[in-house]
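Read the structure below first, then the notes.
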2 protein chains.
Amino acid sequence: MNEQEFLSSYDKRAFDAPLVTVDAVLFTYHEGQLKVLLVKRSAHPEMGKWALPGGFVSETEDRSLEDTVVRKLREKTGVIPPYVEQLYTFGGRDRDKRGWSVTVCYTALIAHQVCESHIESVADARWIPFDRVGKLELAFDHEEIIRFAHERLVQKALYSIVPAYALPEKFTLPELQHVHEVIIGKPLQKKSFRRRIEQAELLVDTGEKRSETGRPATLYRMRDDSGSHTFVRNLEL
Amino acid sequence: MNEQEFLSSYDKRAFDAPLVTVDAVLFTYHEGQLKVLLVKRSAHPEMGKWALPGGFVSETEDRSLEDTVVRKLREKTGVIPPYVEQLYTFGGRDRDKRGWSVTVCYTALIAHQVCESHIESVADARWIPFDRVGKLELAFDHEEIIRFAHERLVQKALYSIVPAYALPEKFTLPELQHVHEVIIGKPLQKKSFRRRIEQAELLVDTGEKRSETGRPATLYRMRDDSGSHTFVRNLEL
DNA sequence: ATAATAGTGTCTTTCAGACATTATCTA
DNA sequence: TAGATAATGTCTGAAAGACACTATTAT
């Protein structure tokens, strides 16, 4: 038998295969807090519980796993988040009552403001403060997944400015520092924080200032590639 | 309908699901080189090409994805590698001619010596120098996966001593440094390399020495948790 | 003694921590 | 002018880079 013959006689459905889903831990920064997007399950199993946005791969709509996660996130937020990165794949016999299952999980970040109106229009989606995730009963192993995503995000906050994707296009340095502080749960040295970002030239001065109370702060914008920059030395935990 | 009723009437096979496989990039250090374990495919598709060790999840044998990868690696090497970590999940419509597929990939490390005899007994498995991977025509997207695993391993070599898992239980510091140098493709400062390992107390002096030519080198053993230690500062790339 | 490899001493450089000081706004 | 917040100056400390030097073996 040659490969052509093999492929034309091959039937994927003849084998037991795990369920495959894609889930996203979408973080944002709002009202001084780190928040996670959760969706109330409207179908069995685990109906009524809060869960991560996600769902099954569509063999017709999706060419890749990224397509799946982006499609799912756009359904809930109305936009494509500027930062989407694969987190980890959780798989096992017992994590879903329907049978052996695999979920490919992503971490995503977005500015609260750009999806606020759309999320309010989606009845089942809500931003939940990260601090309160422990108080909810989440579906499947989604609480574990959120904790895992958070741990990874803490590391990123120590050696990159990836958390900037949780802010609007223009933001101030004190704002960005506060996002980092909220993520890692500890205050940072203002000087150290600014110095490393300046030296690596990761932000562009927009020329604008934002004034609330006190001295107005400079508004910056990320450079195109500054999300992928990693400092050689971590901030202290 | 309640959840019980839902579950008893649920049929996984009623839905189109991607193929799910698990693959491993198993590295070792031998003859001064970094090598990768490859397996010659004996079945369609891509029959005859070199591929990563791996295969389908077994719903009966495996309780988790780690079970699958460990089972597959033990089949080829005869032992369970001391370091197995999830790398990335590659998925898409076109990566496997059988249809939409997902492969959950792992990076693993092992000492050459502990599996040498078993691999020689497995007709289809071979250690390939990492440098020569580009010259082979690999199955599926396995070359891309190996490059990805290597990039991740380079990072680990800069901020951890994870590469030590590619060595036997007892090894010398110059040996370990050379593994790091071969991985990152660049010489390192002897003093810097030793200093950080000593300060973090990651290795235990076995009291033994190894003598080849020149001054005998101290033989060390890893501490139980030293694989998970990360230095706060990277070595220079 | 020489060659070879292991291991140390020590000065320089880099960059984060600490924290005082100055700058710029509003009320 | 006082209060608030933004931004800087500058000293200290920790850890890596560079590279010369010493130590221990075999021949």
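Heavy atoms only: backbone and side chains are in, while hydrogens, waters and symmetry mates are out. Chain letters run A, B, ... following the sequence lines, proteins first and then strands; every chain starts at 1. Not measured: the values here are computed from a predicted model.
A heavy atom lying under 4.0 Å from DNA chain D marks the following residues of residues 172-193 of chain B, by number: Q189(B), K191(B), S192(B). Near DNA chain D, meaning a heavy atom under 4.0 Å away, the residues from residues 225-237 of chain B are R233(B), L235(B), E236(B). Within residues 152-162 of chain B, no residue has a heavy atom under 4.0 Å from DNA chain C. Listed by residue number, the members of residues 209-217 of chain B with any heavy atom below 4.0 angstrom from DNA chain C are T213(B), G214(B), R215(B), P216(B), A217(B).
Under the side-chain hydrogen bond (donor to acceptor under 3.5 Å, both in side chains) criterion, T218(B) pairs with K209(B), not counting sequence neighbours. F27(A) pairs by the ring pair (Phe, Tyr, Trp, His ring centres under 6.0 Å) definition with nothing, not counting sequence neighbours. With sequence neighbours left out, the side-chain hydrogen bond (donor to acceptor under 3.5 Å, both in side chains) criterion links E208(A) to K170(A).
With a cutoff of under 4.0 Å to any heavy atom of chain B, the contacted region of DNA chain C is bounded 5' to 3' by dA4(C) to dT14(C).
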If you look only at distance, which donor and acceptor atoms sit under 3.5 Å apart when one is on a side chain in residues 227-237 of chain B and the other is two or more places apart or in another chain?
| unit_1 | atom_1 | unit_2 | atom_2 | d |
| --- | --- | --- | --- | --- |
| S228(B) | OG | D225(B) | O | 2.8 |

Quiz: residues 124-135 of chain B side-chain donor-acceptor pairs under 3.5 angstrom, not counting sequence neighbours:
| unit_1 | atom_1 | unit_2 | atom_2 | d |
| --- | --- | --- | --- | --- |
| D124(B) | OD2 | K76(B) | NZ | 3.3 |

Taking only distance into account, with no hydrogens and no angle test, what donor-acceptor pairs under 3.5 Å do side-chain atoms of residues 152-164 of chain A form with protein atoms, sequence neighbours excluded?
| unit_1 | atom_1 | unit_2 | atom_2 | d |
| --- | --- | --- | --- | --- |
| R152(A) | NH2 | L87(A) | O | 3.0 |
| K156(A) | NZ | E85(A) | OE1 | 3.0 |
| S160(A) | OG | K156(A) | O | 2.7 |
| S160(A) | OG | V162(A) | N | 3.1 |

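As judged by a 4.0 angstrom heavy-atom cut-off over every strand, R195(A) is placed among the base-contacting residues.
Going from atom CZ of R194(B) over to atom C1' of dC19(D) covers 16 Å, rounded to whole Å.
For residues 23-39 of chain B, the side chain to side chain donor-acceptor pair (under 3.5 Å) pairs, not counting sequence neighbours, are D23(B)-T103(B), Y29(B)-H178(B), H30(B)-H112(B), E31(B)-K35(B).
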